[in-house]
Amino acid sequence: MNTATTSRDRRGVPDAARVEAAVKIYGSSDTAVTALDGVSVGFPAGRFTAIMGPSGSGKSTLMHCAAGLDTLTSGAAYIGDTELGSLDDRRLTLLRRDRVGFVFQAFNLVPTLTVAENITLPMDLAGRRFDQDGLEWTDALIDVVGLRDRLHHRPAELSGGQQQRVAVARAFAGRPDVVFADEPTGNLDSRSGQEVLGLLGRAVREMGRTVVMVTHDPVAAAHADEVVFLADGRLVDRMAAPTADKVLDRLKAFDTRSATMPEGAPS
Ligand SMILES: Nc1ncnc2c1ncn2[C@@H]1O[C@H](COP(=O)(O)OP(=O)(O)OP(=O)(O)O)[C@@H](O)[C@H]1O
Ligand SMILES: [Mg+2]
């Protein structure tokens, strides 16, 4: 493996995931939709990055292509040094299973399994045996997400916030290189949402994990170390040390600008 090509951000931190010149076109000819129009962006290891932008700007598409859930029309997506386009289906499935974690808006838990079984499901499916380290890691996770007294409950017996905390624990259980979350607080009340965001932040700051989160919510984005902004399938800005107010101002500026820009004007 050629580590000399490892992409690093401005502070010299390697990227856990990145895309280069990413183009994604859905459909063909007159029904074609360009969801990503040449996006290059890295998600540094050990950091929490939020992806923001108007509805339809390509946030979910970027996340799905970066995570190997969907393929790019052109350009390249990497997890670490592994270029996803170079993998056959089997290797891609293994990469998704072993190196990437997911949290979705709909919690996507298995209803017939207990909380404990849901959390360890990815490793159980992989036939991965828990070594001492792995046992300690999942044990710590259970405390972090505050579900020790719910381990033998089934998802239907939990609140939405508790279910999403199970999904967060499951995403981190296999110690993946990067956890992708698409609107993880979209179905939660603000208090449960804050809890889930707090967990994602702790996973990064206290446990050294990497998180990439799509969100509409400036308050949620303020939990990240950096926000990247998409518009019309393009990367239009990045903001370090975001606060909810700064993010909101940026989004407003953006709305005014696009509203006053004539069709087809260069951005
Ligand atoms: N499977 C698909 N087939 C055709 N077009 C699609 C498909 N998925 C997304 N699109 C289109 O691609 C563009 C980007 O969609 P995407 O879901 O990435 O946006 P988004 O930023 O996540 O939006 P939202 O905030 O509403 O979730 C949109 O115009 C959308 O209609
Ligand atoms: Mg989306």
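One-based numbering, in listed order, for ligands and for the atoms of each. On a predicted model such as this, the values are computed, not experimentally measured, just so you know. Start at 1 with the first residue, then count along the sequence.
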Query raised in the report: So, the side chain of W137 versus the backbone of F172: is there a donor-acceptor pair under 3.5 Å, distance only?
Result: yes
**Report entry** Check: Y26/T61 side-chain N/O donor and acceptor closer than 3.5 Å
**Finding:** yes
Query raised in the report: Would you call R148 and D139 a salt bridge, taking side-chain N to carboxylate O under 4.0 Å as the test?
Result: yes
Report summary line: So the protein N/O/S atoms within less than 2.8 Å of the Mg ion (ligand 2) come down to S60 OG
Report task. Starting from the C-alpha separation in whole Å, work towards a yes-or-no answer on salt bridge (Lys or Arg N to Asp or Glu O under 4.0 Å) for K24 and D37. Result -> CA-CA 7 Å; K24 176 67 178 181; D37 194 7; over 6 Å; no
Identify all pairs of nitrogen or oxygen atoms, one from ligand 1 and one from the protein, separated by less than 3.5 Å, and list them with distances.
from: ligand 1; atom 1: 18 (O); to: T61; atom 2: N; distance (Å): 3.0
from: ligand 1; atom 1: 18 (O); to: T61; atom 2: OG1; distance (Å): 2.6
from: ligand 1; atom 1: 19 (O); to: G58; atom 2: N; distance (Å): 3.4
from: ligand 1; atom 1: 21 (O); to: S57; atom 2: N; distance (Å): 3.2
from: ligand 1; atom 1: 21 (O); to: G58; atom 2: N; distance (Å): 3.1
from: ligand 1; atom 1: 21 (O); to: K59; atom 2: N; distance (Å): 2.9
from: ligand 1; atom 1: 21 (O); to: K59; atom 2: NZ; distance (Å): 2.8
from: ligand 1; atom 1: 22 (O); to: S60; atom 2: N; distance (Å): 2.9
from: ligand 1; atom 1: 22 (O); to: S60; atom 2: OG; distance (Å): 2.9
from: ligand 1; atom 1: 23 (O); to: G56; atom 2: N; distance (Å): 2.8
from: ligand 1; atom 1: 25 (O); to: K59; atom 2: NZ; distance (Å): 2.7
from: ligand 1; atom 1: 25 (O); to: H216; atom 2: NE2; distance (Å): 3.0
from: ligand 1; atom 1: 26 (O); to: S55; atom 2: OG; distance (Å): 2.5

Query raised in the report: Just wondering, more than 12 heavy atoms not from D88 lying within 6.0 Å of its CG?
Result: yes
Query - Chi angles and distances behind the side chain to side chain contact (heavy atoms under 4.5 Å, CB included) call for T114, H153 - result: CA-CA 5 Å; T114 64; H153 289 61; over 6 Å; no
**Report entry** Distance-only donor-acceptor check, side chains S192 and D189, under 3.5 Å
**Finding:** yes
Query - Aromatic plane relationship, F180 with F43 - under 30° parallel, 30 to 60° tilted, over 60° perpendicular - result: perpendicular
**Report entry** Any side-chain donor near an acceptor of the partner, Q194 and H223, under 3.5 Å
**Finding:** yes
